[in-house]
Amino acid sequence: MMSLSEKIGNDKGDKRMYTLPQTFCDTITHLHSHKGQKWLTDFPQLIRYCE
């Protein structure tokens with residue numbers, strides 16, 4: 001599969017990079033199939049919401 005790297009900015013233009021380990025992404029996808037892949041794809045939005 002792929003590891004997830006996403007630059008997420010705040011209102012001031014600061015950028016942070018979040019990288020999920022490949023083994024984590026593989027495990028989520030293996031255990032939860034398409035729902036897991038969707039969760040990984042939506043992860044940057046979840047982080048933005050939590051910030």
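For the numbers below, each heavy atom of this structure counts, side chains included, while hydrogens, waters and symmetry mates do not. Model, not experiment: these values are computed from the prediction. This chain uses plain numbering: 1 for the first residue, then up along the sequence.
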Review point. Can K38 and K35 be said to form a side chain to side chain contact (heavy atoms under 4.5 Å, CB included), step by step?
Key: CA-CA 5 Å; K38 180 169 178 1; K35 285 184 179 182; 5.7 Å; no
Check your understanding: If you look at every heavy atom in L40 and C25, which pair is closest and at what distance?
Key ->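 Smallest heavy-atom distance, with atoms named: CD1-O, 3.7 Å.
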Review point. Are L46 and D42 close enough that some pair of their side-chain heavy atoms sits under 4.5 Å apart?
Key: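 No, side chains not in contact.
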Review point. With a 4.5 Å limit on heavy-atom distance, are the side chains of Q45 and R48 in contact?
Key: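 Q45 vs R48: side chains touch.
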Exercise for review: To the nearest 0.5 angstrom, please state how far the CH2 atom of W39 sits from the CD1 atom of I28.
Suggested key: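 W39 atom CH2 to I28 atom CD1 measures 5.5 Å (nearest 0.5 Å).
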